[in-house]
Engineer: 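Quick one: this structure, given as structure tokens, is what I'll be asking you about.
On a predicted model such as this, the values are computed, not experimentally measured, just so you know. Protein chains get the first letters and strands the later ones, always in sequence-line order, with residue 1 at the start of each.
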2 protein chains.
Amino acid sequence: MRSDKFAGMARTQGSHAGITGPKVREAALSLFARHGYAAVSMRQIAGEVGVQAGALYNYTPDKQTLLFELLKGHMTDLLAAWRGQDAPGDPVAALECFTRFHIRFHSERPEEVFISYMELRNLDPDNFEKIEDLRRQYEGALEGILRRGVVQGAFDVAEPKIVAMAIIAMLTGVNTWFRESGRLSLPEVEEIYWRMVRKAVMA
Amino acid sequence: MRSDKFAGMARTQGSHAGITGPKVREAALSLFARHGYAAVSMRQIAGEVGVQAGALYNYTPDKQTLLFELLKGHMTDLLAAWRGQDAPGDPVAALECFTRFHIRFHSERPEEVFISYMELRNLDPDNFEKIEDLRRQYEGALEGILRRGVVQGAFDVAEPKIVAMAIIAMLTGVNTWFRESGRLSLPEVEEIYWRMVRKAVMA
DNA sequence: CTTTTATCTGAACATGCGTTCAGATAAGTT
DNA sequence: AACTTATCTGAACGCATGTTCAGATAAAAG
């Protein structure tokens, strides 16, 4: 029952709100990103939602699960969005697709990205393992592209797994400085990074 | 007086220890890296040192300053170590020097690196600005190398500042996976990353 | 040996934490 | 209209937090 509500099932009965669940997750996301999981109290989250702290426990069994659901949702969305790209078969085109997709997706969700990289250590071991598994799947997608490119002779990459991690680290770094209002537009940023990625792996 | 002690002046008088100051910083560093600044209590740090919580205040005016001094010390060491490299004048050789230096230095200090990237948001604005300034100086070193390479026609880089940040993000990512005991040695890792960096920026 | 002093203890302070729960509230159902 | 039930309040729970400080301790200085 609780999990149904948490998953976003329409609440057809109740008293005041009807959208408290999403608001709780939005408030938690924003506060965790700004101040860090450990530094944010349930009372602060409740305050942002406009509710007393006790009411939060209608939407999450505890604080830890609230964090976990945010991270899991982000990683699940990321994987689903990537799979929805149906990337080209050609490795070079696929790599370009991945590069642009990663920058675009991550720039649209700076808060999720931030906590996904910062708050992993605040997950208990079980939850951590689940998130890590999703992350490895995403890395594996890029690694597969690289391996296919090597087989076809398009890429010169001795260690596809490590190069995949290096590329992802580089692309994710965009989020530390990119601002919508800045000098460069997102397509321009994509272009700069795609040039680097392409040249770095090309045979 | 207190700042002298904190800076490491020999304590020629006192009671029990004589090395409590360094031990406090080591314990704080290790615990902050493992659990995060906000999640670590002064009592935990004191416990690791083998002292009561109150005694910590002989070595830091407060918890915030303890974090700040760790970050400042790390960034200062990093800049000093880089300046001690006297990098070659040739941009390509200098870039190789920077790449290998960055990987080596960071792999030797995983805890400092971790908190330097994770705990910036826990600094109050004044302290944050000071650390950011040091970080910009370090980025500027790489940016300078890139600019010189562009002028000499060795590099093809349209946005040296952004490419510098991208390279640093990529190189720092080594710390997320590299283990001394792993399959690859540090020189092998340096080689893999240097290949990527060189190819990515070469004209 | 006595004095000085840096260092540490142990208790206390006010405040905040995550979480629980009985009871109030208001919307949906009949 | 009365009934049901999801939702929220407000108070309470035990416990932890950063920081302070009077007093104990032991090493160095004379």
Engineer: Roughly how many Å is it from CD1 in I19(A) to P in dA6(D), rounded to a whole number?
Structural biologist: 20 Å
Engineer: Among R136(B), K72(B), R135(B), which one satisfies salt bridge (charged side-chain N to carboxylate O under 4.0 Å, His left out) with E129(B)?
Structural biologist: R136(B)
Engineer: Assign the ring pair F101(B) / Y138(B) to parallel, tilted or perpendicular, where the plane angle (0 to 90°) is split at 30° and 60°.
Structural biologist: tilted
Engineer: Check nucleotides 12-18 of chain D for protein N or O atoms closer than 3.5 Å to its own N or O atoms and list the pairs.
Structural biologist:
from    : atom 1 : to     : atom 2 : distance (Å)
dA12(D) : N6     : R43(A) : NH2    : 3.3
dT17(D) : OP1    : S41(B) : OG     : 3.2
dG18(D) : OP1    : V40(B) : O      : 3.3
dG18(D) : OP1    : K63(B) : NZ     : 3.0
dG18(D) : OP2    : M42(B) : N      : 2.8
dG18(D) : N7     : R43(B) : NH1    : 2.9
dG18(D) : O6     : R43(B) : NH2    : 3.1

Engineer: Counting only side-chain heavy atoms from C-beta out, which of dT7(C), dT7(D), dT9(D) sits nearest to N58(B)?
Structural biologist: dT7(C)
Engineer: Atom CD of Q52(B) and atom C1' of dT9(C): how far apart are they, to the nearest Å?
Structural biologist: 6 Å
Engineer: For L56(B) and dT19(D), give me the distance from atom CG to atom P, rounded to whole Å.
Structural biologist: 10 Å
Engineer: Evaluate the side-chain proximity of M75(B) to I131(B): yes if any heavy-atom separation is below 4.5 Å, no if none is.
Structural biologist: yes
Engineer: Counting only side-chain nitrogens and oxygens, does T20(A) get under 4.0 Å of the OP1 or OP2 atom of dT7(D)?
Structural biologist: no
Engineer: Counting N and O atoms only, with roles assigned by atom type, does the side chain of K199(A) sit under 3.5 Å from a partner on the main chain of M202(B), one being a donor and the other an acceptor?
Structural biologist: yes
Engineer: Let me know which of M196(A), H102(A), M165(A) forms a side chain to side chain contact (heavy atoms under 4.5 Å, CB included) with M170(A).
Structural biologist: M196(A)
Engineer: So, is the end of the R109(B) side chain (NZ or CZ) under 6.0 Å from the ring centre of F105(B) and within 45° of the ring's axis?
Structural biologist: yes
